[in-house]
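Remarks on the structure that follows.
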Amino acid sequence: MTQIISPVKGTRDFYPEDMAIRNWIYGKMREVSQLFGYVEFDGPFLERIDLYAAKSGEELVKEQAFVFPDRGGDLITLRPELTPSLARMIAEKQKQLVFPQRWWSFGPFWRYERPQKGRTREFFQWNVDMLGSDTPESDAELIAVCATFFKKVGLSPDQVMIFINSRELMDSVLKKLEIQPDLKMAVFRLIDRKDKLSFQQWQEFALSLGLTQNQFEGLKVVLNDKNLWMESKDLALIMEILERMDLGNYVTFDPQIIRGLDYYTGVVFEARDMDREGRAILGGGHYGNLVGDVGGELLPGVGFAMGDVMLRFVLEKYNCLPEFDNTSAKVLVTVFDATLYPDSLVIANILRNAEIPTILVSENQKLQKQFKYADRIGVPIVLVLGPEEKNNNIVTVKNLKTRQQENVLFENLVTSIKDQLA
RNA sequence: GUGCCUGUAGCUCAACGGCAGAGCGCUUCACUGUGGAUGAAGAGGUUGAGGGUUCGAAACCGUCCAGGCACCCCA
């Protein structure tokens with residue numbers, strides 16, 4: 001074999017069996033999106049780097065974007081996330097849109113990172129956003145969309161869980177502990193890393209930030225308080241709504257959920273595998289003003305993004321994926337020999353005209369091989385048209401699944417096959 | 001960007017520094033108008049690449065390439 005050019009690092013080849021999975025996932029996303037009344041949209045895959053400079057944060061732009069100059073010298077980037085494009089699209093039509101808008105999208109994104117479990121450089125994301133609403137009810141709706149999706153694909157609350165928190169609640173907690181406002185982001189980071197460090201390391205990190213021993217002890221107590229959410233009116237209402245929707249078992253309060261993106265101002269949430277394997281399956285939250293930085297007027301909203309890589313990982317782990325056929329064909333028409341090829345061609349045409357997906361054998365092979373081929377690619381019905389059949393105006397129809405074989409008159413062929421496929 | 005692990009037949013993997021193997025798959029036959037079962041035979045390899053150490057390297061050493069995992073950050 002001559003040398004194969006290696007694929008770009010962090011990309012994936014979608015063989016037909018992978019494409020079947022991707023399309024199945026896409027179908028479930030569409031189904032759930034539409035069930036809640038959301039409409040599909042998409043932005044460009046290429047954007048100016050400036051779009052992301054505004055809000056996405058230094059790291060994402062400098063370290064993680066695929067950037068290249070176009071022929072005019074402008075810096076173009078493969079989109080690393082959808083939200084800034086969404087914000088621009090909304091801002092451009094803000095005056096003519098009726099709010100709230102419920103939008104969803106599924107498409108490719110790129111981030112220049114080292115690939116690992118649940119993370120590639122090229123990935124797909126399901127984005128769902130409600131724009132122009134500022135209520136806990138709308139936050140609850142987005143979380144309900146996530147939970148409904150899990151339910152639809154067969155993931156149970158034993159397997160995946162949505163963890164929610166509120167940045168407002170955490171703000172008030174920090175205030176009560178008299179932690180200086182300029183330490184806020186650093187403390188959020190500290191909270192985020194609690195599980196990644198040993199207790200010793202975590203404590204040292206905390207004190208090195210400038211927290212007093214008292215503040216540190218107070219933080220510890222708060223993070224262990226499973227009922228802290230009751231102090232937040234919004235979280236309490238969201239939990240109540242999800243209970244009423246019979247989705248409450250998918251949702252748990254977790255004071256350690258903070259989320260990295262700066263534009264979240266209210267409720268934040270993410271979903272994880274219950275074994276804590278891999279990364280978050282989805283992440284989202286409430287933003288106080290999405291479009292301000294791209295020139296629009298104040299517009300709050302709530303949304304989330306789900307990556308296809310972790311999702312596929314958990315779907316495979318918990319056996320949620322159905323079996324997919326290796327072929328789209330339902331019938332294979334054999335060719336007895338070269339002289340009978342025109343007759344087989346006629347049969348194949350009749351079937352295709354009747355909307356039955358049909359493969360006509362294109363190689364000059366023994367019947368045995370043709371049957372074996374049909375079996376290997378998973379075609380359920382095989383037709384044989386030999387000299388005997390031709391003389392009697394019949395076709396031999398063999399069902400490989402039931403192993404039954406029968407002779408069918410020409411004129412009954414389509415209905416007979418449709419019966420078998422039903 | 002930092003660290004760790006891996007690379008052997010189409011696939012999954014064995015082989016103490018001493019003849020490169022197994023299972024599955026593939027091809028052919030038993031079965032010349034019928035797949036999936038069974039039996040028999042067969043094909044398939046520059047051990048990721050190119051160097052070094054050694055009487056001798058798939059194995060040991062360093063370089064490169066590719067992949068995986070963790071950190072960072074995030075879906």
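Computation of the quantities below employed the complete heavy-atom set of this structure, encompassing side-chain atoms and omitting hydrogens, waters and symmetry-equivalent molecules. A, B, ... follow the sequence lines: proteins, then strands. Residue 1 opens every chain.
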Rounded distance in Å - [atom1] ([X]) to [atom2] ([N]):
X	N	atom1	atom2	result
A/Y373	B/rG36	OH	C1'	17 Å
A/K9	B/rA66	NZ	P	6 Å
A/F371	B/rC31	CZ	C1'	14 Å
A/F269	B/rC74	CZ	P	17 Å
A/M306	B/rC74	CE	C1'	16 Å
A/W202	B/rC71	CH2	C1'	20 Å

Checking contacts here: which listed nucleotide ([options]) is nearest the side-chain heavy atoms of [X]?
X	options	result
A/K366	B/rG1, B/rG33, B/rC29	B/rC29
A/T396	B/rU34, B/rC74, B/rG3	B/rU34
A/R114	B/rC74, B/rU34, B/rC69	B/rC69
A/R279	B/rG33, B/rU27, B/rC71	B/rC71
A/K196	B/rG36, B/rC71, B/rG68	B/rC71

Can A/T396 and A/E389 be counted as having a side-chain donor-acceptor contact under 3.5 angstrom?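 There is such a pair (donor and acceptor under 3.5 Å, judged by atom type) between the side chains of A/T396 and A/E389.
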
Quick one: is [N] close enough that its OP1 or OP2 comes under 4.0 Å of any side-chain N or O from [X]?
X	N	answer
A/K117	B/rA70	no
A/Q116	B/rC69	no
A/K369	B/rU28	yes
A/R119	B/rC69	no
A/Q368	B/rG35	yes

Whether [X] and [Y] hold their rings parallel, tilted or perpendicular, with breakpoints at 30° and 60°:
X	Y	value
A/Y112	A/F66	perpendicular
A/W126	A/F304	perpendicular
A/W202	A/F216	tilted

[N] and [M]: how far apart are their [atom1] atoms, nearest whole angstrom?
N	M	atom1	result
B/rC72	B/rC11	C1'	35 Å
B/rU12	B/rG7	C1'	14 Å
B/rG45	B/rA9	P	10 Å

Just checking [X]: base, sugar-phosphate only, or nothing, at a heavy-atom cut-off of under 4.0 Å?
X	answer
A/A280	sugar-phosphate
A/I281	sugar-phosphate
A/F124	nothing
A/R121	nothing

Give the dot-bracket line for RNA chain B from 5' end to 3' end: parentheses for intra-strand Watson-Crick or G-U pairs under 3.5 Å, square brackets for crossings, | for inter-strand pairing, dots for unpaired. (((((((..((((....[..)))).(((((.......))))).....((.((..]....)).)))))))))....

Cation-aromatic face contact A/R22/A/F324, 6.0 Å, 45 degrees: no

Would you call A/L383 and A/L351 a side-chain contact if the rule is heavy atoms closer than 4.5 Å? yes

With sequence neighbours excluded, what pairs up with A/D192 under the side-chain hydrogen bond (donor to acceptor under 3.5 Å, both in side chains) test? none

With A/C146, the side chain to side chain contact (heavy atoms under 4.5 Å, CB included) member among A/I162, A/V251, A/L247: A/I162

